[in-house]
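Notes to accompany the following structure.
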Amino acid sequence: MAVVADRGERYWLDELNDEQRAAATHTGGPLLILAGAGTGKTTTLCARVAWLVAEGVPSERILLLTFTRRASREMLQRARGLVPASARVLGGTFHSVAHRLVRRHAAALGLPGGFGVLDAGDAADVLDLLREEAGHAKSRTRFPKKGTLLDIYSRTVNAQLPLSGVIAEHFPWVEDHREAISALFREYTTRKKALGVVDLDDLLLMWRALARDEVIGPRLASSFDHVLIDEYQDVNGLQVDLAQALAGFGCDITVVGDDFQAIYGFRSASAGHILDFPEQFPGTRVVTLERNYRSTQPVLDAANELAAQATRAFPKRLRADRPGGVRPAVIHVRDQGAEAEAVADRILEARENGSDLRDQAVLARTSHDSDQLELELLRRKIPYVKYGGLKYLEAAHVKDFVALLRLADNGGDEIAWFRVLQLVEGLGPASARKAMAVMAGAPRDLAESPLDEMGEGRLAAVPDRLAAWSEAREVIPSGARASADAVIAALVVARDEQRAGPRAEGLREVLAPLVRARYPDGAIRVQDLDQLVAAAHQVGDPRQFVAELVLDPPQSSADLAQPPHLDEDYLTLSTIHSAKGLEWDHVHVLAVYDGNFPACMSAGTSEQIDEERRLLYVGMTRARRTLSMYVPVRYHHRPRGIDDAHGYGKPSRFLTKAVLACCDVTRLPDDPLNPRGAPIVTARRLSVSPDSLFD
DNA sequence: ATACGACGGTTTTTT
DNA sequence: ACCGTCGTAT
């Protein structure tokens, strides 16, 4: 053994409990760490990385795969804190590692060297283009929209299941269009090839192709001695294939996860994969972590009861390490307005009792569940940051900016052209198409073929596209020409600038006035662009900048900015999906009614219902000290709250007697079932629903 | 013919 | 927020 540290240097092993230490120091054969919520999963994984390095495994021969960049950054940082020699551990998300490998083997995969990566929005735009070309946009029968198409496509690819089955099971309402969708997906594959681009799913497909190749596969696997995979309950079939290919060629494999926290079924993940791990990887040692360092026992009692409802699961029962605690609250409220008030009241109360806003969070099933609450927070001047829901990259002005960056890099990107041309006032879809047709008909360089081995030829083709502008401008309305000329001129300058920062800066200048003119809040949006420009300065290569933006999308503009000041105090609002792995002293879960937990469209199969239950479980187990769950009795059908359509709901079916027995149930005095503060009756449960009429 | 504003309707969750 | 439709202005 090259490095034998003495006991004192390995103090961090002594700080682990027996199970954690067993996991961290396991040798020989596959390892499955079943880490319940709050049981020190990250600590254990970091300790294992540190231990491997301390035992002499070269750090660059360890691969750590996570689902988010944040997770990999955090773990690598902590591992380095334990053992500085672990500095060179290769860590990243499945997609970013895939990107690195696909880049290195682009030629073998038939990709141009400078291939672009489509984010979900771009992929949907390509599908939309094909949808339009095939005449589905105009057809009488309602054809699925681009977002749905992408969902169907992605699900099919990631689950590696036949399209017909995916449609039958998850998208039955598009059954009539099955053949057209199938044809469209084939065209999508062809079109991506022609454009020289890959989407996020392709990255995984291509990695798998490399990993399974009899020549390249063993070489990839031989670069690593150990592969560690975080959040294994969230892997899909494609990712299991990757793990198996790596293990098959000799890597030692460690996976960590909690089947109770599998909540990405809609992304083709399946808790089945972690349940099946011991069979798929013979000789697996299973270590279960049940000692919870996060919450107090009353919160865990309720969570354990909820988990006990699951049909198939590894048996686990969380035990609190900390003593004391208060029972979770189940609070009935009149409607979402009353819910907002109740939440705000309790948050302010907690703040007065010494809890900062940053120690509190409000979690919801969907991002718009907190719409009313946001108004209330605004009214009471309670600062908050919202995670999940609309993302930064999806904002129109950011997409515009990225489209400009893409165009400066690849003049053949028709999706980007279509978007950019329409930025100009007076220039709409029809003129954009005409201009694009003229530019596409311009003299071509042979090197423009996207299948060109070197791929470098694509740069040489760009001048042709832009040079054809003098003809293309003739086919657009005369009033729009001057403004369009300015955009093209900026693109010409940007194309000749190879540094990401200055290139982004030039494009910002031409976009800023257009953004200011288009949106009432244009000035704020321009600030977002400034942050992107600042981020571009940090990255040398413009292509790399766009790829990183796609692979690791900033959650909000705050992500790009400098770390927020420590003295700023703000509340966290988040979807439960985005809250995974996080914790707060005080957690509020909104809208725990049947129809939201489970969501009415996810109540079809028992698989789906199980996942909805786990979602509530994840929400509940985020709480360190107090947990409050709100049940609005009357809720709006329309999330926007424009009309007053509403229904009378029941509490979530997951709040069974056994779960409620662990909670304090409260009705507010203005509850419609209990007007004017009459004596509170909790024993009876009345359900009012006209649903039986609607057959 | 084209662009654009107004308006009504909408199967979540995201690497 | 987006999407499709329709009426109006250019």
Side-chain angles (χ1 to χ4, degrees), chain A residues 65-72 92-99 117 119-121 124-125 128 131-132 137-139 142-148 150-152 154-155 158 170-174 199-201 203-204 230-231 234-236 238-239 262-269 363-369 371 387-391 393-396 399 422 424-434 475-480 518 550-553 555 574-580 591 595-604 608 611-612 614-615 618-619 637-640 642-643 645:
Chain A
L65 288 170
T66 59
F67 277 86
T68 66
R69 185 91 107 204
R70 194 190 61 203
S72 87
T93 63
F94 275 94
H95 288 92
S96 69
V97 171
H99 182 242
V117 183
D119 69 8
D125 285 344
D128 203 34
R131 181 178 182 265
E132 169 106 18
K138 291 251 185 292
S139 88
R142 266 179 35 212
F143 196 81
K145 299 197 205 107
K146 60 180 182 181
T148 311
L150 183 63
D151 287 346
I152 301 171
S154 202
R155 194 151 188 152
N158 281 297
H170 301 287
F171 304 89
W173 63 93
V174 305
D199 62 25
L200 291 169
D201 300 329
L203 289 175
L204 294 185
D230 190 24
E231 309 272 21
D234 289 333
V235 295
N236 60 39
L238 223 42
Q239 289 157 332
I263 54 173
Y264 282 100
F266 68 91
R267 226 166 53 189
S268 302
L363 307 182
R365 172 75 180 75
T366 70
S367 66
H368 63 239
D369 283 331
D371 286 353
Y387 293 93
L390 242 102
K391 257 135 296 117
L393 269 192
E394 286 163 24
K399 285 206 272 191
Q422 289 180 85
V424 176
E425 202 179 326
L427 208 166
S431 303
R433 264 184 236 284
K434 274 194 269 179
V475 301
I476 66 170
S478 56
R518 179 166 300 239
V550 171
L551 293 171
D552 182 28
Q555 296 275 325
S574 176
T575 58
I576 292 177
H577 283 92
S578 303
K580 197 136 80 113
N596 208 32
F597 288 98
C600 45
M601 39 308 216
S602 297
Q608 287 177 317
E611 175 147 326
E612 298 286 307
R614 294 190 294 257
L615 199 54
V618 170
H637 285 312
R638 305 259 167 268
R640 317 295 309 160
I642 298 163
D643 60 11

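Within every chain, numbering begins at 1; the chains are lettered A, B, ... in the order of the sequence lines, protein sequences first and strands thereafter. The structure displayed is predicted, hence computed values, not measured ones.
- The listed nucleotides are B/dT12, B/dT14, C/dG4; the one nearest the side chain of A/A599 is B/dT12.
- Pairing each heavy atom of A/S72 with each of A/T66, the nearest pair is CB-OG1, 3.3 Å.
- Listed nucleotides: B/dT14, B/dT13, C/dC3. Nearest to the side chain of A/R267: B/dT14.
- Between the CG atom of A/D128 and the C1' atom of C/dG4 there is a distance of 12 Å, rounded to whole Å.
- Counting to the nearest Å, the P atom of B/dT11 and the CD1 atom of A/I152 are 13 Å from each other.
- With B/dT12, B/dT2, C/dC3 as the candidates, the nucleotide lying closest to the side chain of A/S431 is B/dT2.
- At B/dT11, none of the side-chain N or O atoms of A/R365 fall inside 4.0 Å of OP1 or OP2 (strictly under the cut-off).
- Stacking of the aromatic ring of A/Y264 onto the base of B/dT14 is not found under the criterion of centres within 5.5 Å and planes under 30°.
- You'll find the ring centres of A/Y264 and A/H577 inside the 6.0 Å limit.
- For the pair A/H368 NE2 and C/dC2 P, the computed distance is 16 Å after rounding to whole Å.
- Listed nucleotides: B/dT14, B/dA3, B/dT12. Nearest to the side chain of A/T366: B/dT12.
- Checking A/Q422 against A/T66, the closest nucleotide of DNA chain B that is more toward the 5' end is the one next to A/Q422.
- Distance, A/F597 CZ to B/dT12 P: 15 Å, rounded to whole Å.
- The side chain of A/K434 has B/dT2 as its nearest neighbour among B/dT2, B/dT12, C/dC3.
- Residue A/S367 places no side-chain N or O under 4.0 Å from the OP1 or OP2 atom of B/dT12.
- Side chain of A/R142, nearest nucleotide from B/dT14, B/dT11, B/dA3: B/dT11.
- Counting non-hydrogen atoms of neighbouring residues, nucleotides and ligands closer than 6.0 angstrom, the CD atom of A/E425 reaches no more than 12 such neighbours.
- A donor-acceptor pair under 3.5 Å links the side-chain atoms of A/E612 to the main chain of A/A599, judged by distance alone.
- Considering every non-hydrogen atom in both A/L204 and A/Q239, the closest pair reads CD1-NE2, 3.8 Å.
- Along DNA chain B, the nucleotide nearest A/E612 and the nucleotide nearest A/L204 are compared for position; the residue whose nucleotide lies closer to the 5' end is A/E612.
- What separates CD of A/E231 from P of B/dT13 is a distance of 19 Å, to the nearest Å.
- Listed nucleotides: B/dA3, B/dC4, B/dT13. Nearest to the side chain of A/E425: B/dC4.
- Residue A/K146 has a polar side-chain atom (N or O) positioned under 4.0 Å from OP1 or OP2 of C/dC3.
- In this structure, A/D371 places its CG atom 12 Å from P of C/dA1, rounding to the nearest Å.
- Nearest approach of A/N596 to A/D369, heavy atoms of both residues: ND2-OD2, 3.1 Å.
- When rounded to the nearest whole Å, the span between CZ of A/R433 and C1' of B/dA1 equals 15 Å.
- Distance from the side chain of A/T575 is smallest to B/dT14 among C/dG4, B/dT14, B/dT12.
- Of the candidates C/dG4, B/dT2, B/dT13, B/dT2 carries the atom nearest the A/A430 side chain, counting heavy atoms from C-beta on.
- With distances taken from any side-chain atom of A/P429 to the nucleotides B/dT13, C/dG4, B/dA3, the minimum falls on B/dA3.
- One interatomic measurement links the two molecules: CG of A/L200 to C1' of B/dT14, which rounds to 10 Å at whole-angstrom precision.
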